[in-house]
Amino acid sequence: MPDLPAAPPIEAGAANCLIVDDEPIVRRSLVRMLQAQGFTCFEAGTGREALRVLDQIGETSLVISDMRMPELDGIGLLEAVHQRYPDTSVIMLSGISETTTAVDCLHRGAADFLLKPISVSELHARVSRVLEKRALVLQNRCYQQTLERQVHAQAQRIQELFLQGVQMLARALEAKDAYTRGHSIRVSQYAVGTAQRLGFGGGSLDGIRLGGELHDIGKIGTREAVLHKPGTLTDDEFRQISEHPILGERMLLPLAQESPDVLRIVRSHHERLDGLGFPDGLRGEKIPIEARIVAVADTFDAMTTERPYRDSRTPEAAVTELRRVAGTQLDPDAVEAFVDAFPDPRELPLSA
Ligand SMILES: [Fe+2]
């Protein structure tokens with residue numbers, strides 16, 4: 001069980017109290033009784049004056065108010081206090097014993113209803129009960145907020161640890177293969193630069209950065225012989241490699257709530273605008289924009305790095321190819337944004 005903060009004090013000595021009554025004798029008598037119990041007391045002769053006093057002193061623990069007063073009566077004051085100072089307890093005071101009035105006051109949020117005249121011992125007992133209840137409500141809220149913060153922090157930590165594990169897996173996958181070393185980091189950098197040109201920022205940029213980094217994580221489940229085969233793939237081998245987006249999405253399911261864009265990238269980075277991609281054969285704008293961006297970055301990096309089955313192209317030749325397939329395979333806007341973001345091939349993060 002985590003450490004929780006101490007409960008707010010219940011004793012009267014820590015409390016302020018505002019006494020509201022249009023009869024000065026009644027008011028003074030209540031003030032004397034409460035001061036004797038350690039309260040710091042403030043006074044007001046009407047509901048309006050009470051609100052002015054509260055404006056000056058800020059929130060008090062307790063308001064004890066007469067029902068019948070000129071200007072603003074007790075019910076009006078009760079409602080105003082509840083609206084402006086929801087943590088202040090209000091005890092209503094009346095010289096007339098009316099059950100309906102008492103019930104009405106309690107329904108409107110009064111903490112208690114007292115009848116005049118009131119003895120010292122009864123006032124002490126009722127005020128103590130009201131303040132104890134108020135302290136418990138505040139304590140409960142404080143516990144709840146602290147627990148919520150701790151649960152949130154732990155959930156974030158769990159996610160961080162999960163991500164670290166997945167990123168380490170991605171590095172391990174690339175470390176085994178000289179051809180793809182650094183591929184995911186470069187794809188991530190290309191995708192972020194492209195996304196910025198397209199107006200992405202903040203959290204959505206973080207999703208693209210991570211999605212770029214993890215887009216091929218599902219290849220962990222593909223046999224190495226297939227992954228690194230120099231020649232043409234058989235239908236069965238192609239089917240095996242085509243499963244990596246779905247497998248990757250499944251691996252990253254713990255991110256589904258916090259980072260759904262990462263999952264969209266991983267699943268859809270091999271879709272094509274003409275619907276001939278995989279795994280879902282999505283067309284055009286049905287393909288999530290984040291995945292279209294990563295597809296451009298992925299295609300460019302694949303062309304500019306050497307693979308077992310072909311030599312690399314120069315950045316200029318790769319850009320020409322990106323433009324050739326824009327509109328059929330790749331999103332033309334994403335291609336142009338990529339070219340805008342990385343106009344000088346010498347500044348490409350090829351060595352990352
Ligand atoms: Fe891929």
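Both ligands and their constituent atoms are indexed starting at 1 by order of listing.
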Please name the residue in the list Ile265, Ile287, Thr194 that meets the side chain to side chain contact (heavy atoms under 4.5 Å, CB included) test with Arg292.
Ile287
Restricting to N, O or S atoms of His270, which is nearest to the Fe ion (ligand 1)?
NE2
Side-chain donor-acceptor pair under 3.5 Å between Glu213 and Gln167, yes or no?
yes
NE2 (His269) to the Fe ion (ligand 1) to NE2 (His244) angle, given to the nearest 10 degrees:
100°
Going by atom types alone, do His215 and His244 pair a side-chain donor with an acceptor below 3.5 Å?
no
Around His124, counting heavy atoms of other residues, nucleotides and ligands shown, do more than 12 lie under 6.0 Å from its NE2?
no
Nearest to the Fe ion (ligand 1), which N, O or S atom of Asp216 do we find?
OD1
